[in-house]
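Here the structure is a predicted model, which means the values were calculated and not measured.
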Amino acid sequence: MTNSTIFPQLEIPETIAAGPGPGNTDPRVLQRFASAGVADHMQPDVLRGMVECKYMLRDIMGTSNVHTFGVAGTGWSGLDVMFSAVMPGDKVVMFVNGTFSGIDGLTVRMKAATAEELAADPLDPKAASVIIVDVPHGESVSGEIVEAALAVHKPKWAAMAHWETGSGRVNDIRGFSDACQRHDVMGLVDAVSSLGVEDFRIDDFPGVQGWASCPQKGICCLPLTYAPVSFTDRYIETLRQTGCRTFVHNPILEARHWGIVDGQDVDKGTYHRTHSAYAVAAFHEALRITLQHTVAQRAKDYAFHEAALRDAVTAMGCKVTSNMTSLVVLNLPDSLAGREMELVQNCRSAGFGIWPTLSAPVQVRIGILNLLTPAAISDIVTRFATAMNELGAEIDLGDICDRLDRHYKTALAAE
Ligand SMILES: *Cc1c(COP(=O)(O)O)cnc(C)c1O
């Protein structure tokens, strides 16, 4: 291989994205992505699309926060914008119960570290002003845990993942918001895996001042588009007073391109960076699909199909330890314990994209993002049972399929 090699055209196969994310992008989204004309970032329809996205996002997030918009990039991009208001020396309490909230904790330590603390350990700074409250993998962050920590530490900020995708656990957002209000702490929430999956309105949680999500999970808009964020007036006021050390990820400046100027909606955005007409068109369609389906119906559909998948893998002898509705996190039966990675690798090499956990203990994660039909769940169940049998599990596939059929019949009759 030399520098001048021209490689063959890149072919990427169609796989079943049955992991924690990304979800299966809707064909309507890809169609809009591919049909947008070449237009620059100040062309009127591109700007109008962004303004329309802003209003649709407010609807989906359930908020009247003016500062609600999309951040170009992935979930971490939106989180970086949200955490940009955390300044060196700020006191922050972080609740960590898995891989993703762990990385949120690292982000916050990087932001809150003093120059000396950052230089002492640049990639993993130990910021004295950040208190990390560790909750064991597989457990949820409860309102009591939040209350106890905020009562003792009385920080400026507190942060938590709404749904911790690493362990598949739902954290107590009501308890978090209430405790933040009681102790006058500004709450920040990583809602990357709950937005578009769970039915909730962010304005119902007044202790939370900042929210960040992602394009690729509940919103089903992978073609690198926009991470939804929303900030209360209090967050923006705090930011106005302290400033923050980023131009591109400054929530006040970034909002301008979405037609949010001086805390007001304006009809037309002003330049912040070169947005892509393709990305805007795709994101716009993903938001339209979410609103057409409705957040409430989507949440019901996730709960309905997760219950079917959970029942089937439990019947195969697996033990489910998660309580998210877009994802099942499980331990294999004792006879296959320790072979999780081998099983996941076998599935992945057959185009069945399930995942292991990314931090200890090793478990298997099977997701159903945008796979909300009995046929899709049945395909997942069959593939997973077959992969277990290849490792010697001796599952009766006919029995499992009959059971899944019966589950759906009973569940549909009960509706
Ligand atoms: C997926 C995920 C992230 C990271 O999102 P990216 O799109 O990979 O940047 C952060 N937090 C949580 C809770 C997640 O589930």
Side-chain angles (χ1 to χ4, degrees), residues 20-23 53-54 56-58 60-63 65-86 90 92 94-96 98-112 141 157-166 170-171 173 176-177 180 186-198 200-203 205 207-222 224-236 238-239 244 246 248-255 257-258 260 283 286-287 290 295 326:
C53 285
K54 167 182 79 174
M56 288 195 280
L57 257 186
R58 282 184 203 165
I60 289 168
M61 297 180 91
T63 185
N65 287 340
V66 175
H67 286 86
T68 302
F69 55 93
V71 177
T74 73
W76 295 126
S77 312
L79 286 156
D80 197 61
V81 167
M82 178 176 81
F83 288 128
S84 70
V86 174
D90 274 5
V92 191
M94 288 287 320
F95 299 92
V96 170
T99 314
F100 293 98
S101 47
I103 298 175
D104 286 333
L106 173 59
T107 303
V108 164
R109 287 187 283 112
M110 286 170 160
K111 307 261 185 212
V141 179
W157 308 98
M160 181 178 87
H162 185 190
W163 288 11
E164 170 49 76
T165 325
V170 174
N171 294 329
I173 190 76
F176 178 82
S177 173
C180 286
M186 289 186 283
L188 301 174
V189 169
D190 171 345
V192 163
S193 57
S194 55
L195 185 71
V197 179
E198 172 68 307
F200 68 104
R201 297 177 49 82
I202 68 174
D203 282 1
F205 301 96
V208 182
Q209 311 300 325
W211 298 80
S213 190
C214 80
Q216 46 99 351
K217 288 179 179 146
I219 301 297
C220 303
C221 196
L222 180 61
L224 197 62
T225 60
Y226 293 102
V229 292
S230 185
F231 305 105
T232 63
D233 291 346
R234 178 173 175 193
Y235 175 104
I236 296 296
T238 306
L239 184 65
C244 66
T246 168
V248 69
H249 278 175
N250 181 314
I252 296 171
L253 300 180
E254 172 95 271
H257 213 132
W258 300 83
I260 302 160
F283 188 53
L287 298 180
T290 305
V295 174
S326 54

Participant: Test of understanding: with side chain to side chain donor-acceptor pair (under 3.5 Å), list the residues that count as partners of His249, not counting sequence neighbours.
Facilitator: Asp80
Participant: Using the test salt bridge (Lys or Arg N to Asp or Glu O under 4.0 Å), find all partners of Lys217 that sit at least two apart in sequence or belong to another chain.
Facilitator: none
Participant: Quick one: closest heavy-atom pair of Thr225 and Pro215, and the distance?
Facilitator: OG1-CB, 3.3 Å
Participant: Which distance, rounded to the nearest 0.5 Å, do you find between the SG of Cys180 and the CG of Leu188?
Facilitator: 8.5 Å
Participant: Give a yes or no answer on whether the side chain of Ser101 reaches the backbone of Ala161 with a donor-acceptor pair at less than 3.5 Å.
Facilitator: no
Participant: Going by salt bridge (Lys or Arg N to Asp or Glu O under 4.0 Å), name the residues that satisfy it together with Arg234, two or more places apart in sequence or in a different chain.
Facilitator: Asp184
Participant: Any heavy-atom pair between the side chains of Ile173 and Met160 that's under 4.5 Å?
Facilitator: yes
Participant: Any chance the rings of His162 and Phe200 have centres within less than 6.0 Å?
Facilitator: yes
Participant: Is the backbone N or O of Met82 less than 3.5 Å from a side-chain atom of Tyr235, with the two atoms forming a donor-acceptor pair by type?
Facilitator: yes
Participant: Find the distance between CD (Gln209) and NE2 (His67) and round it off to the nearest 0.5 Å.
Facilitator: 13.5 Å
Participant: Step by step, would you call Val81 with Trp76 a side chain to side chain contact (heavy atoms under 4.5 Å, CB included)?
Facilitator: CA-CA 9 Å; Val81 167; Trp76 295 126; over 6 Å; no
Participant: Is there a side chain to side chain contact (heavy atoms under 4.5 Å, CB included) between Glu164 and Asn171 once you walk through the steps?
Facilitator: CA-CA 7 Å; Glu164 170 49 76; Asn171 294 329; 4.2 Å; yes
Participant: Could you go through Asp90 and Trp157, starting from their C-alpha distance and side-chain angles, then the distance that decides it, and tell me whether this counts as side chain to side chain donor-acceptor pair (under 3.5 Å)?
Facilitator: CA-CA 8 Å; Asp90 274 5; Trp157 308 98; 2.9 Å; yes
Participant: Please step through side chain to side chain donor-acceptor pair (under 3.5 Å) for the pair Asn65 and Thr232, ending with a clear verdict.
Facilitator: CA-CA 6 Å; Asn65 287 340; Thr232 63; 5.5 Å; no
Participant: Using 0.5 Å steps for rounding, measure from the OG atom of Ser230 to the CG atom of Leu195.
Facilitator: 10.0 Å
Participant: Could you check whether any side-chain heavy atom of Thr165 comes within less than 4.5 Å of a side-chain heavy atom of Val192, counting everything from C-beta outward?
Facilitator: no
Participant: Taking the ring centre of each residue, are Trp258 and Tyr226 less than 6.0 Å apart?
Facilitator: yes
Participant: Within this structure, what is the CZ-CH2 distance for the pair Phe231 and Trp211, rounded to the nearest 0.5 Å?
Facilitator: 12.0 Å
Participant: When rounded to the nearest 0.5 angstrom, what distance separates SG in Cys244 from CZ in Phe83?
Facilitator: 14.0 Å
Participant: Trp163 and Ser193: which non-hydrogen atoms are nearest, and at how many Å?
Facilitator: O-OG, 3.0 Å
Participant: Nearest 0.5 Å, what's the OG1-CD1 distance between Thr290 and Ile219?
Facilitator: 4.5 Å
Participant: Which atom pair, heavy atoms only, marks the closest approach of Thr74 to Ala227?
Facilitator: O-CB, 3.4 Å
Participant: Go through the steps for Glu254 and Phe69 under the test side chain to side chain contact (heavy atoms under 4.5 Å, CB included), then give the verdict.
Facilitator: CA-CA 9 Å; Glu254 172 95 271; Phe69 55 93; 3.2 Å; yes
Participant: What is the minimum heavy-atom distance between Arg58 and Thr68, and which atoms define it?
Facilitator: CG-CB, 3.8 Å
Participant: Show your working on side chain to side chain contact (heavy atoms under 4.5 Å, CB included) between Leu79 and Thr107 and close with a plain yes or no.
Facilitator: CA-CA 9 Å; Leu79 286 156; Thr107 303; 6.0 Å; no
Participant: Compare every heavy atom of Gly70 with every heavy atom of Leu57, then report the nearest pair and how far apart it is.
Facilitator: CD1-N, 4.2 Å
Participant: I need the minimum non-hydrogen distance between Val197 and Ser326, along with the two atoms involved.
Facilitator: CG1-CB, 3.8 Å
